[in-house]
Protein chains: 2
Amino acid sequence: MTDRDIPDIVVGRLPRYLQALEHLQLSGAQTTSSQELGEIVGVSAAQIRKDLSQYGEFGKQGKGYSVSYLVHQLQQILKVDRVWPMALVGAGNLGHAIANYPGFGQHGFRITLIFDNDPVHIGTRIGPLTVQDSARLVPVLREKKIKIAMLTVPVRAAQSVADQLVEAGVRAILNYASITLSVPDHVHVQYIDPIIYLQRMTYYLD
Amino acid sequence: MTDRDIPDIVVGRLPRYLQALEHLQLSGAQTTSSQELGEIVGVSAAQIRKDLSQYGEFGKQGKGYSVSYLVHQLQQILKVDRVWPMALVGAGNLGHAIANYPGFGQHGFRITLIFDNDPVHIGTRIGPLTVQDSARLVPVLREKKIKIAMLTVPVRAAQSVADQLVEAGVRAILNYASITLSVPDHVHVQYIDPIIYLQRMTYYLD
DNA sequence: ATGGATTAGTGTAAATAGTCACAAGGATGA
DNA sequence: TCATCCTTGTGACTATTTACACTAATCCAT
């Protein structure tokens, strides 16, 4: 079902479909169509149908898609039909904001560990968690079998922390530091850098 | 020079080249090559040469690129060779973290206005700025000719705030709310939603 | 029941993006 | 000076992605 040869660009759209479907669900919609969904996410109806057809037949001709069923299917495809424990490395300003953001838990992503290398932060509490010393990062992540980590450390520390995450068996890194990380092929990295996005938009301004 | 028919996907890579070049600059490098740059950002050397060739000839055969010259050129192309005043709408947790992040200023993006509609926040200070009532958003942004805004409001408010931003003449929105915004063609939107990125990675996990 | 309207899934064509390989320009060292 | 080594810029080619158009299934109003 989830063959590896489905292009990454298709995979990248699935979470946006899911997001829109969950909003539809909240607003009480029972069914939707590729047309409607496409208008919400700004993608052509044909594109959505083709993307979904990579994984099966989820709709009914003449009727559309059952919202709850499609939500369920997409959750399975994206493997978010379970709870993912995550580690957060970096307990600075951004780290705190992220640790306190309820959206992760609402979508099955649970921050279970927070690390920092600064003695000022180590031992302090953020919500229900205590900030641990980064020195113990590798053994702890290994033992807890953590597969996902978020990186909110300064640029100068990012690559070295990433190396440790890889060593600890982490397979997915959400990187907030403004640097391209070098990791093995089996590790996935996604970048969140507001500057990059802003520069991408100023290009089009006068 | 900056023709509109240069594909968006090319434009999207330019900020990453610039980021890498600025790091090279900090580490003291005088020149670089498409080869080296490609290794840093994880893109083929030919891709980089082709992307840059859309805008001119910036390198020297046999020698490579002058780092500082290419930085300068990319800054011009991306229009970040100036200071952009920005508005921040939403003074919650995330809004505070963003307002206090020094990276924006370091790259020529200056947050000059902060808005919120919650009386709890209105009037409070964040750094040198006072949080203003969202009710005054449109006239104030118009008067100050603000072209870029960052959105850190709850999902339920995001579209309505976006509509106001458009009305106020904003041309670029960096949206942190997990919803696809509907805006006119002349307004650019970039999305920062960690859940989307995480789901994109869990797909590839076991 | 029936005809018209709707909508999914899909094969094919078109458009877009990326890779490759090479000519040409410039640097370097004997 | 001249031969060799680098590295850019680019045209041709390949691969990928998107759009289009059509069939078949379903719904709904009459």
Side-chain angles (χ1 to χ4, degrees), chain A residues 1-18 20-21 24 29-74 77 180 200 203, chain B residues 1 3-17 20-21 24 29-74 77 185 200 203:
Chain A
M1 190 194 208
T2 64
D3 289 322
R4 185 49 49 99
D5 61 356
I6 292 172
D8 191 58
I9 195 160
V10 173
V11 176
R13 282 190 292 260
L14 300 182
R16 301 205 288 131
Y17 300 163
L18 179 55
L21 286 161
L24 281 170
Q30 300 290 312
T31 64
T32 187
S33 63
S34 57
Q35 174 83 41
E36 183 182 40
L37 199 49
E39 276 162 17
I40 295 174
V41 303
V43 162
S44 79
Q47 178 89 81
I48 287 180
R49 292 200 301 275
K50 194 142 232 182
D51 286 349
L52 295 177
S53 76
Q54 302 273 337
Y55 297 96
E57 307 193 352
F58 306 124
K60 293 248 189 301
Q61 282 139 320
K63 192 176 180 188
Y65 301 90
S66 152
V67 173
S68 64
Y69 178 69
L70 192 50
V71 163
H72 193 72
Q73 292 299 312
L74 281 173
I77 292 168
T180 302
R200 203 171 162 163
Y203 176 88
Chain B
M1 191 197 210
D3 289 322
R4 183 51 46 100
D5 60 356
I6 292 172
D8 191 58
I9 196 161
V10 173
V11 176
R13 282 189 293 261
L14 301 182
R16 302 204 289 132
Y17 301 163
L21 285 162
L24 280 170
Q30 300 290 311
T31 64
T32 186
S33 63
S34 58
Q35 174 84 41
E36 182 182 40
L37 199 50
E39 277 162 17
I40 296 174
V41 303
V43 162
S44 78
Q47 178 88 83
I48 288 179
R49 292 201 301 276
K50 193 146 231 180
D51 285 349
L52 294 177
S53 75
Q54 301 275 336
Y55 298 96
E57 307 193 353
F58 305 124
K60 294 249 189 300
Q61 282 137 320
K63 192 175 180 189
Y65 301 91
S66 153
V67 173
S68 64
Y69 178 69
L70 192 49
V71 162
H72 193 72
Q73 291 299 311
L74 280 173
I77 291 168
D185 283 348
R200 204 172 161 161
Y203 175 89

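Keep in mind that the numbers below use all heavy atoms, side chains included, and drop hydrogens, waters and symmetry copies. First the proteins, then the strands, lettered A, B, ... as listed; each starts at 1.
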Trainee: Under 4.0 Å between any heavy atoms, over every strand shown, what does B/L52 touch: base, sugar-phosphate, or nothing? Just pick one.
Mentor: nothing
Trainee: I'd like to check A/R16 versus A/V43 (side-chain heavy atoms, cut-off strictly below 4.5 Å). Are they in contact?
Mentor: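 When only atoms from C-beta onward are counted, A/V43 and A/R16 do touch, with a gap below 4.5 Å.
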Trainee: Closest heavy-atom contact between A/V71 and A/L21?
Mentor: CG2-CB, 3.6 Å
Trainee: Heavy-atom distance under 4.5 Å between the side chains of A/F58 and A/H72, does that happen here?
Mentor: no
Trainee: Between protein and nucleotides 22-29 of chain D, map the contacts as a letter string: B base, S sugar-phosphate only, - none, heavy atoms under 4.0 Å, written 5' to 3'.
Mentor: --BBB---
Trainee: List the residues meeting side chain to side chain contact (heavy atoms under 4.5 Å, CB included) with B/E36, not counting sequence neighbours, and say none if there are none.
Mentor: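 Scan of B/E36 (side chain to side chain contact (heavy atoms under 4.5 Å, CB included), adjacent residues dropped) gives B/L24, B/T32, B/S33, B/I40.
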Trainee: Figure out the OH/P separation between B/Y55 and D/dT8, and round it to whole Å.
Mentor: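 Roughly 19 Å, once rounded to whole Å.
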Trainee: Could you tell me how far apart A/Q35 (CD) and D/dA19 (P) are, to the nearest whole angstrom?
Mentor: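 Value for this atom pair: 14 Å.
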Trainee: Please give, in whole Å, the distance from C/dT10 C1' to A/F58 CZ?
Mentor: 15 Å
Trainee: Tell me the interatomic distance from A/D8, atom CG, to D/dA15, atom C1', rounded to whole angstroms.
Mentor: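 One finds 16 Å between C1' of D/dA15 and CG of A/D8, rounded.
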Trainee: Is there a side-chain polar atom (N or O) of B/Y65 under 4.0 Å from OP1 or OP2 of C/dG26?
Mentor: no
Trainee: Looking at C/dG18, C/dT19, C/dA8, which one has an atom nearest to any side-chain atom of A/S33?
Mentor: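 Of the candidates, C/dA8 comes closest.
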Trainee: How long is the span from the CG atom in B/L14 to the CD1 atom in B/I9, to the nearest 0.5 Å?
Mentor: 11.5 Å
Trainee: Take atom CG of B/D51 and atom C1' of C/dT16, then tell me their distance rounded to the nearest Å.
Mentor: 14 Å
Trainee: Would you name the heavy atoms of B/I48 and B/S34 that are closest together and state the gap between them?
Mentor: CD1-O, 3.9 Å
Trainee: Among C/dA8, C/dG18, D/dT18, find the nucleotide with the atom closest to the side chain of B/K50.
Mentor: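 Of the options given, the side chain of B/K50 lies nearest C/dG18.
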Trainee: Output the distance between atom CZ (A/R13) and atom CZ (B/R200), rounded to the nearest 0.5 Å.
Mentor: 9.5 Å
Trainee: Could you tell me whether the phosphate oxygens of D/dT7, OP1 or OP2, come under 4.0 Å of any side-chain nitrogen or oxygen in B/S34?
Mentor: no
Trainee: Rounding to an integer number of Å, can you tell me how far B/E57 CD sits from D/dT7 C1'?
Mentor: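 Value for this atom pair: 13 Å.
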Trainee: How long is the straight-line distance from CD1 of A/I77 back to CG of A/L52, given to the nearest 0.5 Å?
Mentor: 7.5 Å
Trainee: Near DNA chain C, which residues from residues 36-48 of chain A have a heavy atom under 4.0 Å away?
Mentor: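 Heavy-atom contacts with DNA chain C come from no residue of residues 36-48 of chain A; none.
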Trainee: Search all heavy atoms of B/L37 against all heavy atoms of B/A20 and return the closest pair with its distance.
Mentor: CD1-CB, 3.8 Å
Trainee: In whole angstrom, what separates B/I9's CD1 from D/dT18's C1'?
Mentor: 13 Å
